[in-house]
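Comments concern the structure below.
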Amino acid sequence: MTTALLEDLKWRKSIAQTTEFDALAKFLDGGSRSLYLGFDPTAPSLHIGNLVALTVLRRFQLAGHKPIALVGGATGLVGDPSGRNSERTLNEVEVVNEWVEKIHHQLVGFLDFSGSNAAIMANNLDWTAPVSAIHFLRDIGKHFSVNQMLSKDSVSSRLESGGISYTEFSYQVLQAFDYLELNRREDCSLQIGGSDQWGNIVAGVDLIRRVEGKAAHALTIPLLTKADGSKFGKTADGSIWLDPNMTSPYAFFQFFLNSDDRDVEQLLRTFSFKSHDELEDLFDSLKTNPGAREAHRALAREVTTLIHGSEQAEKVENAAKALFGQSEIRDLDESTLESALKELPRTTINRGSEFPTWVDLITATGVVDSKSAARRVVKEGGAYINNVKISVEDHKPSLDDLMHGRFIVLRKGKRDLAAVEVV
RNA sequence: GGUGGGUUGCCCGAGCGGCCAAUGGGAGCGGACUGUAAAUCCGCCGGCUCUGCCUUCAGUGGUUCAAAUCCACUACCCACCA
């Protein structure tokens, strides 16, 4: 059963490194095991990059294991040096606490908190805060060799590039302590995480062996990379967030739909819960008929459903279909148009007042950064009202442009749409 | 502690008294081609009340008709020497 899980993860290319593989497989085969995955609150929301490991955690639960989702209320205050070449700026305690709450909330929807292998939520502040510095240094610190700590990639690379504070240097000890605590409290003997976490996780494995004399396991997941070499999940405007207020479900869906062809197969392997057969079929269609973008659509639909729910996913897909469809946008009936536009960045103008220019309207929706940028777009021929190109720089929509008496669709370039509603 | 070098637009990186909103590359944006993809080609790429005006070249103050460019101090980085 569990061997199947590991095989599945291999098929998905979701395993970067593990502690001794056979031992891990044997351990997992022995029953329903506790495992943990941690997130540090470095923002008010998780983003798509975090979703990679979270998806793996979910796969473990579906295979019968007990997931522990840890939010780093303590470690988030210290700052993980992994994968960074400069010191983090520390966030205020209240801010971090607020983020912990929000992230907690997001995790709830992703795991099953009922049943025999119910998921557990943890916050490392619970066991870190009560420990005094003296006890921490005596009981935990004593088991760490500075030589080993220095040799970790996250530390050594920083020593070469501007240094590292004692605070961040200590991070791996804190994370190791978390693993030890969860091992004691929840009998947790597996920690998973992104491959950049290997050093931190192994620090915990070592600590558990030293203190408890027990074997603990580790499994890391490769960081996703894009075909063009850039980081997965980042756009020019920043990360793709799971919080619908930070990244709209429409934008979220579009992000996946617009994936590079070359990335789609791996994205499906990583995120999809479809059967291997179904996925193989999608890979085929990607090769034989890439223009249809069936695989893109399936990917966007599934991930959006997972994060925002099926109802919302359907809405945004329909919106995209309506707005990018072959049919004339003016032919859309009012309710279809209204629900489609609801998913877009928008602005409103008062009925009766004079229409602002296209430049002012698009700027108001936030689709462009400045009026200069908006003007440039018009000059370059990328400005549209209801899919009709405009070319005069101070062009204003007229009453004739109103669809159903109250809507105007603005477009910038090929795929950026925004809505204007007259109220 | 000593000496020398550095800090430029989203990133890298030229400029070393006026011709500088500042060369070049990357990212980004628009167009063509396509499939709301990639590659390629062309154009754009600080802001605004846009034939002009305003704010930028670590910070502060100064020299000058005129400074990113010169001087002084401050902060941070890097190198060599102790």
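Numbered from 1 within each chain, the chains take letters A, B, ... in sequence-line order.
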Quantified in whole Å, what is the P atom distance between nucleotide B:A68 and nucleotide B:U7? 15 Å
For the pair made of CG in A:Asp369 and C1' in B:G9, what is the distance, rounded to whole Å? 15 Å
Check the side chains of A:Asp277 and A:Ser275 for a donor-acceptor pair under 3.5 angstrom, ignoring hydrogens and angles. no
For B:G15 versus B:G24, give the span between their P atoms, rounded off to a whole number of Å. 14 Å
Show, in sequence, the C-alpha distance, side-chain angles and deciding distance for A:Ile140 and A:Leu180, and conclude whether the side-chain contact (heavy atoms from CB on, under 4.5 Å) test is met. CA-CA 10 Å; A:Ile140 304 300; A:Leu180 176 63; 4.0 Å; yes
Would you measure the distance from the P atom in B:G52 across to the matching atom in B:C65 and give it in whole Å? 27 Å
Would you say A:Tyr384 reaches B:G31's phosphate, i.e. side-chain N/O to OP1/OP2 under 4.0 Å? yes
With C1' as the reference atom in both, quote the distance from B:U51 to B:G62 in angstrom, rounded to an integer. 36 Å
Expressed as a whole number of angstroms, how long is the span from A:Asp263:CG to B:A38:P? 10 Å
Could you tell me the Watson-Crick or G-U partner of B:C76, where both distances fall under 3.5 Å? Say none if there is no partner. B:G6
The nucleotide from B:U36, B:C29, B:C48 with an atom nearest the side chain of A:Ser372 is B:C48
Atom pair distance, as rounded to whole Å: NZ in A:Lys226 and C1' in B:A37: 12 Å
Sorted by position of nearest nucleotide on RNA chain B, 5' first, the leading residue of A:Glu380 and A:Ala320 is A:Glu380
May I ask you to evaluate whether A:Lys412 reaches the phosphate of B:G30, defined as a side-chain N or O under 4.0 Å from OP1 or OP2? yes
Between A:Trp99 and A:Asn91, do the side chains contain an N or O donor and an N or O acceptor separated by less than 3.5 Å? no
Can you tell me how far P of B:A38 sits from CG of A:Asn258, to the nearest Å? 8 Å
Donor-acceptor pair (no angle test) under 3.5 Å: A:Lys371 side chain, B:U49 base: no
Between B:C45 and B:G25, how many Å separate the two P atoms, rounded to a whole number? 14 Å
Separation of the P atoms in B:C11 and B:A27, to the nearest angstrom: 16 Å
Nearest-Å distance once atom P is located in both B:C10 and B:G47: 10 Å
Base paired to B:U55 (Watson-Crick or G-U; both N/O distances under 3.5 angstrom): none
Between A:Asp80 and A:Gln197, does any side-chain donor sit less than 3.5 Å from a side-chain acceptor? yes
Could you check whether A:Tyr179 and A:Gln191, counting side-chain N and O atoms only, form a donor-acceptor pair closer than 3.5 Å? no
Of the listed nucleotides (B:C33, B:C44, B:G30), which one gets closest to any side-chain atom of A:Arg376? B:C44
For atom CG of A:Leu417 and atom P of B:G30, their distance in whole Å: 12 Å
B:A58 to B:U3 separation - P atoms, rounded to the nearest Å: 24 Å
Hey, mind stepping through A:Gln61 and A:Lys66 against side-chain contact (heavy atoms from CB on, under 4.5 Å) and telling me if it holds? CA-CA 6 Å; A:Gln61 182 169 39; A:Lys66 287 180 235 157; over 6 Å; no
Mate of B:A38 across any strand shown (Watson-Crick or G-U wobble, both atom pairs under 3.5 Å) is none
Report yes if a side-chain nitrogen or oxygen of A:Arg415 is closer than 4.0 Å to either non-bridging phosphate oxygen (OP1 or OP2) of B:A37; otherwise report no. yes
Less than 3.5 Å apart, any donor N or O on the side chain of A:Asp333 or A:His404 sitting next to an acceptor on the other? no
A:His296 side-chain proximity, nearest of B:G30, B:G35, B:U36: B:G35
For A:Gln254 and B:G35, give me the distance from atom CD to atom P, rounded to whole Å. 17 Å
As a test of reading the structure: which of B:C48, B:U36, B:G35 is closest to the side chain of A:Ser370, going by heavy atoms? B:C48
Distance check needed: B:A39 C1' versus A:Arg262 CZ, whole Å only. 8 Å
